[in-house]
K.L.:
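Pasting in a structure now, in structure tokens, and then I'll have a few things to ask.
Hydrogens, waters and symmetry mates are skipped; everything else that's a heavy atom, side chains included, is used. Just so we're clear, the structure is a prediction, and the values are computed from it rather than from any experiment.
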Amino acid sequence: RSLAFPMVGTVSPQVGEGGAVVPPRFAADGRTPLAIIGGTGYVGRLLARRLLAHPTFCLGPIVGSQRSEGLLYEDVWQQKEDALVANYGDQLWTRQPFP
């Protein structure tokens, strides 16, 4: 599966008639998309990976810092892995492949 979509800076809930929040739309396969706030950090990236194979939920919008806004998630993922290897060395950090 390709996660080649741009990062978003903010997520605004959809508001319907009378100010009611509109429930999330379902993905084509019937799963409910979940947004990840802080999706470029270590835990957010692990959650994104798990959502790809989850039976009920799927990956929705991913929110990161301004540094990652507009970038493809795969590019942000690779930058994070490069930084971890540079910081810890490849003896202590094993690169996590992009899903």
Side-chain angles (χ1 to χ4, degrees):
R1 295 180 190 169
S2 174
L3 297 178
F5 51 87
M7 299 289 298
V8 293
T10 59
V11 173
S12 300
Q14 292 187 349
V15 179
E17 192 173 319
V21 175
V22 177
R25 295 185 181 138
F26 291 100
D29 60 4
R31 298 184 297 162
T32 304
L34 294 181
I36 302 176
I37 297 173
T40 61
Y42 180 71
V43 173
R45 291 186 300 127
L46 289 177
L47 179 58
R49 180 187 297 264
R50 298 285 259 176
L51 287 173
L52 291 175
H54 197 278
T56 306
F57 302 106
C58 66
L59 189 57
I62 301 171
V63 180
S65 67
Q66 289 181 338
R67 290 187 312 260
S68 57
E69 187 174 354
L71 299 175
L72 296 179
Y73 193 50
E74 181 174 5
D75 295 339
V76 175
W77 186 289
Q78 298 303 334
Q79 289 173 6
K80 295 289 184 169
E81 289 298 318
D82 291 345
L84 287 165
V85 168
N87 188 48
Y88 295 109
D90 55 6
Q91 298 294 324
L92 293 177
W93 183 258
T94 302
R95 286 184 182 274
Q96 302 298 309
F98 182 74

K.L.:
Do we see a donor-acceptor contact under 3.5 Å between the side chains of E81 and W93?
P.N.:
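E81 vs W93: donor-acceptor pair found between side chains.
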
K.L.:
Nearest heavy-atom pair of R31 and H54: which atoms, and what distance?
P.N.:
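Nearest heavy atoms, R31 then H54: NH1-O, 2.8 Å.
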
K.L.:
If hydrophobic clusters are built by linking Ile, Leu, Val, Met, Phe, Trp and Tyr wherever their side-chain heavy atoms come under 4.5 Å apart, do F98 and L84 end up in the same one?
P.N.:
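Result: no, two separate clusters.
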
K.L.:
Tell me the closest heavy-atom pair linking P33 and G60, and the distance in Å.
P.N.:
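Where P33 meets G60 most closely, the heavy atoms are CB-CA, 3.9 Å.
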
K.L.:
Would you say the side-chain atoms of R49 pair up with the backbone N or O of P97, donor to acceptor, closer than 3.5 Å?
P.N.:
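Present.
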
K.L.:
Is the backbone of V85 close enough, under 3.5 Å, to the side chain of R95 for a donor and an acceptor to pair up by distance?
P.N.:
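Pair absent, no side-chain N/O of R95 close to backbone of V85.
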
K.L.:
Using a 4.5 Å cut-off on heavy atoms from C-beta on, say whether the side chain of V76 contacts that of I62.
P.N.:
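Counting from C-beta outward, I62 and V76 never come under 4.5 Å.
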
K.L.:
Heavy atoms only: give me the nearest Q96-T94 pair and the separation to one decimal.
P.N.:
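Of all heavy-atom pairs spanning Q96 and T94, the closest is NE2-O, 3.1 Å.
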
K.L.:
Using 0.5 Å steps for rounding, measure from the CG atom of L51 to the OG1 atom of T56.
P.N.:
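OG1 of T56 is found 10.5 Å from CG of L51.
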
K.L.:
Same cluster for Y88 and Y42 if Ile/Leu/Val/Met/Phe/Trp/Tyr side chains link at under 4.5 Å?
P.N.:
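Yes, it is one cluster - the side chains of Y88 and Y42 are joined through contacts under 4.5 Å.
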
K.L.:
Check whether any side-chain heavy atom of R67 lies under 4.5 Å from a side-chain heavy atom of T40, and answer yes or no.
P.N.:
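When only atoms from C-beta onward are counted, T40 and R67 do not touch, as no gap falls below 4.5 Å.
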
K.L.:
In the single-linkage hydrophobic clustering (I, L, V, M, F, W, Y; side-chain heavy atoms under 4.5 Å), do L52 and Y73 co-cluster?
P.N.:
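Yes, one cluster joins them.
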
K.L.:
Can you tell me how far apart CD (E69) and CG (L71) are? Round to the nearest 0.5 Å.
P.N.:
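Between E69 CD and L71 CG, I get 9.0 Å after rounding to 0.5 Å.
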
